[in-house]
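Naming convention: chains lettered A, B, ... in sequence-line order (proteins, then strands); numbering from 1 in each chain.
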Number of protein chains: 2
Amino acid sequence: MNTMTVVEKSPIPTEHGRDRILRVAADLFLSRGYAETSLRTIAEAAEMRPASIYHHFESKDALLTEILAIGMDAVTTAFTAAKAGLAENADERDRLQAHVAGHLRALFANQAFTAAHVTVFPFAPADVRAASVPQRDEYEALWTTLLTQLTPGLDSDARRLTRLALFGAMNSAVQWFDPTEGAVDDLAATIVDTLWNGLATRTGATS
Amino acid sequence: MNTMTVVEKSPIPTEHGRDRILRVAADLFLSRGYAETSLRTIAEAAEMRPASIYHHFESKDALLTEILAIGMDAVTTAFTAAKAGLAENADERDRLQAHVAGHLRALFANQAFTAAHVTVFPFAPADVRAASVPQRDEYEALWTTLLTQLTPGLDSDARRLTRLALFGAMNSAVQWFDPTEGAVDDLAATIVDTLWNGLATRTGATS
DNA sequence: TTGCCAGCCTAACGATCGTTCGGTAGTCTT
DNA sequence: AAGACTACCGAACGATCGTTAGGCTGGCAA
């Protein structure tokens, strides 16, 4: 039904050129890795010849750089939206859950672009990594600020550790969680429930 | 001082041949990725010629396969040791912490071999991944059994999610935690403290 | 002393990689 | 109608990849 001749702006139209390259490349980088994915494979998935990619991108590295930038934009936007959507009287737990849900939703909505930061980034060429670092630091700072507000009693070392463990828990989800239905919000609720109240209260056991 | 002509068994002797290849290859795979690391680079780090590697290993894939097997052995052994080292009257929280500490210690003691499972495995060639899956499943089953004993009140979906989030939190540590001193046990204590009691009790806030 | 073999070497193979060059077909501007 | 520009293409470049063939050498076994 999507193969009809009518062409109109829809959420997922038949992509052309640049956008299509970006999407299939992000998918391939995520599933196979950066070095393992050749430009010939990307070109085939985008239904063009390898040389054509160079009309849209300066190099393979530039392509990855843009993919990573798009991914960071997505989570940063999600963070801002989560903050904006909060009720005035939201308590600490609600605020945390809103941001966790935002991060997870961005992670699954933009799948490959955002997830690439988890698995592709560490092995990206040094130049590409360096180009992404400022954006990544900005996003990290947003979370540090949030967690500082939510847990004023925690010392900064423990808070840093909590932030990194939370990121590890959230980001690892891209490797095992299947986001059918609106289940992403359930995942966020479960993660925050455990993180905030602890396993002990969820099992009835005492520490 | 290590360059003296006396050769004796020490914890870190001058490595030769096979063992040396394994160690430098594991280090390089972890820091640069599998596809990004050429056999020529490995050979240079091991102070030999590329062709010599083939005297010890059938192929580059076989080299990675063995590295992953060594890494899984390390965490499996650590898990068993943690279980054996527990006091009779250890409560749920103590048992969890002992195993978390064991996993983290194995993660940092064998650095590259164990950590390769976190970052290298997902992008390894399909054949290599398939060879590691049984060992990985076994280790996963150990944790599932443990968590089932510790949290009998949790339904299996929530427990699975808890296990994966815990793994995400622990394994992401290899990318940011610097294990100076005996600080790994402190990290384990902090992770378990937060996981078990929750952030709420650590900040004085109420849910 | 001889033969063997582990352990390493040099040299090179074909394949694949990112990339470049010089086009061509279609569309839009003037 | 002519030029310019976008989007693509075929063909090839040099570099690097995993791998192999064949040879050298020093120490151990017979």
Side-chain angles (χ1 to χ4, degrees), chain A residues 5 7 13-68 116 120 123-131, chain B residues 5-8 13-68 116 120 123-131:
Chain A
T5 53
V7 176
T14 303
E15 288 172 311
H16 290 307
R18 199 165 200 283
D19 290 341
R20 174 138 196 205
I21 296 170
L22 278 171
R23 200 183 51 81
V24 303
D27 283 345
L28 288 167
F29 289 164
L30 181 65
S31 60
R32 307 188 188 187
Y34 180 66
E36 293 88 343
T37 304
S38 71
L39 281 176
R40 285 166 177 84
T41 304
I42 297 171
E44 191 181 359
E47 291 176 305
M48 33 170 86
R49 307 304 142 200
S52 306
I53 294 177
Y54 284 83
H55 180 71
H56 299 283
F57 300 94
E58 197 184 53
S59 68
K60 192 188 177 191
D61 282 7
L63 178 54
L64 176 57
T65 301
E66 182 151 344
I67 287 171
L68 290 173
V120 177
F123 299 136
D127 294 348
V128 177
R129 284 205 313 276
Chain B
T5 53
V6 179
V7 177
E8 51 179 327
T14 304
E15 286 173 313
H16 291 306
R18 201 165 197 283
D19 291 341
R20 174 137 195 207
I21 295 170
L22 279 170
R23 199 182 50 81
V24 301
D27 284 344
L28 288 167
F29 289 163
L30 180 65
S31 60
R32 307 188 189 187
Y34 181 65
E36 293 87 343
T37 304
S38 71
L39 282 176
R40 286 166 177 83
T41 304
I42 297 170
E44 191 181 1
E47 291 176 305
M48 31 170 89
R49 306 305 142 199
S52 306
I53 294 177
Y54 284 84
H55 182 70
H56 299 284
F57 300 94
E58 197 184 54
S59 67
K60 192 189 178 190
D61 283 6
L63 177 54
L64 176 57
T65 300
E66 182 151 345
I67 287 171
L68 290 172
V120 177
F123 298 137
D127 294 348
V128 177
R129 283 206 313 275

Visitor: Just to verify, what does B:Glu66 make a side chain to side chain donor-acceptor pair (under 3.5 Å) with, not counting sequence neighbours?
Guide: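 With sequence neighbours excluded, B:Glu66 shows a side chain to side chain donor-acceptor pair (under 3.5 Å) to B:Arg18, given in chain and number order.
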Visitor: Could you give the NZ-to-C1' distance, from B:Lys60 to D:dG18, as a whole number of Å?
Guide: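 Taking NZ of B:Lys60 and C1' of D:dG18, I get 8 Å after rounding.
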Visitor: Only counting residues at least two apart or in another chain, list the ones meeting side chain to side chain donor-acceptor pair (under 3.5 Å) with A:Ser59.
Guide: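 For A:Ser59 there are no side chain to side chain donor-acceptor pair (under 3.5 Å) partners, ignoring immediate neighbours.
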Visitor: Going 5' to 3' on DNA chain C, which nucleotide is the first and which the last to come under 4.0 Å of a heavy atom in chain B?
Guide: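 Boundary nucleotides touching chain B, in 5' to 3' order, are C:dA6 to C:dA12.
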Visitor: Can you pull the side chain to side chain donor-acceptor pair (under 3.5 Å) pairs that have at least one residue in residues 44-53 of chain B, sequence neighbours excluded?
Guide: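 Every side chain to side chain donor-acceptor pair (under 3.5 Å) pair that includes a residue of residues 44-53 of chain B, provided the two are not neighbours, is B:Arg20-B:Glu47.
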Visitor: State which residues pass side chain to side chain donor-acceptor pair (under 3.5 Å) with A:Ser38; sequence neighbours excluded, sorted by chain then number.
Guide: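 Side chain to side chain donor-acceptor pair (under 3.5 Å) check on A:Ser38 returns A:Thr41.
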Visitor: Within the structure shown, what part of the strands sits under 4.0 Å from A:Thr41 by heavy-atom distance: base, sugar-phosphate, or nothing?
Guide: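 Touches nothing.
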Visitor: Which residues pass the ring-ring contact (aromatic ring centres under 6.0 Å, His included) test with A:Tyr34, sequence neighbours left out?
Guide: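 A:Tyr34: ring-ring contact (aromatic ring centres under 6.0 Å, His included) contacts with A:Phe29.
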Visitor: For A:Ala45, enumerate each residue passing the side chain to side chain contact (heavy atoms under 4.5 Å, CB included) test, keeping only those at least two apart in sequence or located in another chain.
Guide: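 A:Val24, A:Leu28.
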Visitor: Quick test of your reading: applying salt bridge (charged side-chain N to carboxylate O under 4.0 Å, His left out), list the pairs with at least one residue in residues 22-33 of chain A, sequence neighbours left out, ordered by first then second residue.
Guide: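 Output for this query lists A:Glu15-A:Arg23, A:Arg23-A:Asp27.
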Visitor: So do the side chains of A:Met48 and A:Ile21 get within less than 4.5 Å of each other, counting heavy atoms only?
Guide: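 Side chain of A:Met48 against side chain of A:Ile21, heavy atoms only: contact under 4.5 Å found.
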Visitor: Quick test: give all pairs of protein nitrogen or oxygen and nucleotides 6-13 of chain D nitrogen or oxygen below 3.5 Å, distance rounded to 0.1 Å.
Guide:
| from | atom 1 | to | atom 2 | distance (Å) |
| --- | --- | --- | --- | --- |
| D:dC8 | OP2 | A:His56 | NE2 | 2.7 |
| D:dC9 | OP2 | A:Arg49 | N | 2.6 |
| D:dC9 | OP2 | A:Ser52 | OG | 2.9 |
| D:dG10 | OP2 | A:Arg49 | NE | 3.4 |
| D:dA12 | N6 | A:Arg40 | NH2 | 3.4 |

